Peer 1: 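Below is one structure. I have some questions about it.
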Amino acid sequence: MAINTKACKAKGRRLQNRLRDLLREAFPQLEEDDIKSQTMGMSGEDIVMSPLAKRKIIYSFECKNKERLDLWPSLAQAEENCEDRTPVLVFKRNHSKTYVAFELEHFINLIQE
């Protein structure tokens, strides 16, 4: 079975746009241009943020919308693109919920607050 690259990119773009929209809703004090979805095929973070947004959102996001996720390379990609922020892998597959993965120590810090 041939892989439809266009359909795969569209699927990934939908997840990026959903995350972008959720972040915009969560931070209504930011302008629409403060949080953008990266163009498919471009290198770097999947969610592009202004300096103001980066001060409010300490995370760097890598999105994967795939049936078979290569977890370790995906986490490595998130870490490579995160600059000095906390890398987060956002992932899902067809007909599933959306999940995030990040370091255990960061999770422990979140639940202690």
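Just so you know, residue 1 is the first one in the sequence shown, and it goes up from there. Predicted, not measured: the structure shown is a model, and the values here were computed from it. The basis for the numbers below is simple: all heavy atoms, side chains too, and nothing from hydrogens, waters or symmetry mates.
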Peer 1: Below 4.5 Å, heavy atoms only, C-beta onward: do Asp21 and Arg24 meet side chain to side chain?
Peer 2: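 Sidechains of Arg24 and Asp21: in contact.
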Peer 1: Would you kindly say whether Ser37 and Arg13 are connected by a side-chain donor-acceptor distance under 3.5 Å?
Peer 2: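 No, Arg13 and Ser37 have no side-chain donor paired with an acceptor closer than 3.5 Å.
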Peer 1: Has the side chain of Asp34 got a donor or acceptor atom that lies under 3.5 Å from a matching backbone atom of Leu30?
Peer 2: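 No, because the side chain of Asp34 does not come within donor-acceptor range (under 3.5 Å) of the backbone of Leu30.
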Peer 1: Using only atom types and a distance under 3.5 Å, with no angle test, would you say the side chain of Glu79 pairs donor to acceptor with the backbone of Pro87?
Peer 2: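 Looks like no, no N/O pair under 3.5 Å.
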Peer 1: Same cluster or not: are Phe27 and Ile47 linked, directly or through other Ile, Leu, Val, Met, Phe, Trp or Tyr residues, by side-chain heavy atoms under 4.5 angstrom apart?
Peer 2: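 Same cluster.
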Peer 1: What is the distance from atom CG of Asp33 to atom OG of Ser50, rounded to the nearest 0.5 Å?
Peer 2: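 The CG atom of Asp33 sits 9.0 Å away from the OG atom of Ser50.
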Peer 1: By the definition side-chain contact (heavy atoms from CB on, under 4.5 Å), identify the one residue from Lys92, Lys64, Lys66, Glu67 that meets it with Lys11.
Peer 2: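 For Lys11, the side-chain contact (heavy atoms from CB on, under 4.5 Å) test succeeds with only one of Lys92, Lys64, Lys66, Glu67, which is Glu67.
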Peer 1: Side-chain heavy atoms under 4.5 angstrom apart, residues restricted to Ile, Leu, Val, Met, Phe, Trp, Tyr: same cluster for Leu104 and Leu89?
Peer 2: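 No, Leu104 does not connect to Leu89 through the hydrophobic network.
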Peer 1: Ala78 and Glu62: which non-hydrogen atoms are nearest, and at how many Å?
Peer 2: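 Scanning both residues, the minimum pair turns out to be CB-CB, 3.7 Å.
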Peer 1: Would you say the side chains of Arg20 and Asn17 form a donor-acceptor pair under 3.5 Å?
Peer 2: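 Looking only at side-chain atoms, Asn17 and Arg20 do form a donor-acceptor pair, the distance falling under 3.5 Å.
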Peer 1: Would Tyr59 and Met49 count as a side chain to side chain contact (heavy atoms under 4.5 Å, CB included) here? Give the steps.
Peer 2: CA-CA 10 Å; Tyr59 301 100; Met49 290 187 263; 5.8 Å; no
Peer 1: What heavy-atom pair brings Gly44 and Asn81 nearest, and what distance separates the two atoms?
Peer 2: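 The answer is O-ND2, 3.4 Å.
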Peer 1: For Arg93 and Asn65, indicate whether the former's side chain and the latter's backbone hold a donor-acceptor pair under 3.5 Å.
Peer 2: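 Not confirmed, Arg93 side chain does not pair with Asn65 backbone.
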Peer 1: Any chance you could measure Thr86, atom OG1, to Ile58, atom CD1, to the nearest 0.5 Å?
Peer 2: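 Thr86 OG1 to Ile58 CD1: 4.5 Å, rounded to 0.5 Å.
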Peer 1: Carefully, step by step, assess Leu15 and Phe61 under the rule side chain to side chain contact (heavy atoms under 4.5 Å, CB included).
Peer 2: CA-CA 11 Å; Leu15 179 58; Phe61 299 98; over 6 Å; no
Peer 1: Hey, what do you get for CD (Gln112) to CZ (Phe107), rounding to the nearest 0.5 Å?
Peer 2: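 Atom-to-atom, Gln112:CD and Phe107:CZ are 10.5 Å apart.
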Peer 1: Checking the side chain of Asp46 only, and the main-chain atoms of Gln38 only, is there a donor and an acceptor separated by less than 3.5 Å?
Peer 2: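 No: the side chain of Asp46 does not pair with the backbone of Gln38.
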Peer 1: Quick check: closest heavy atoms across Glu45 and Ser60, and the distance to 0.1 Å?
Peer 2: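 Shortest heavy-atom contact: OE2-OG, 2.6 Å.
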Peer 1: Hey, what do you get for CD (Gln16) to CG (Leu19), rounding to the nearest 0.5 Å?
Peer 2: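 Atom-to-atom, Gln16:CD and Leu19:CG are 8.5 Å apart.
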Peer 1: Are Leu110 and Ile57 in one and the same hydrophobic cluster, where Ile, Leu, Val, Met, Phe, Trp and Tyr link if side-chain heavy atoms are under 4.5 Å apart?
Peer 2: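 Result: yes, single cluster for both.
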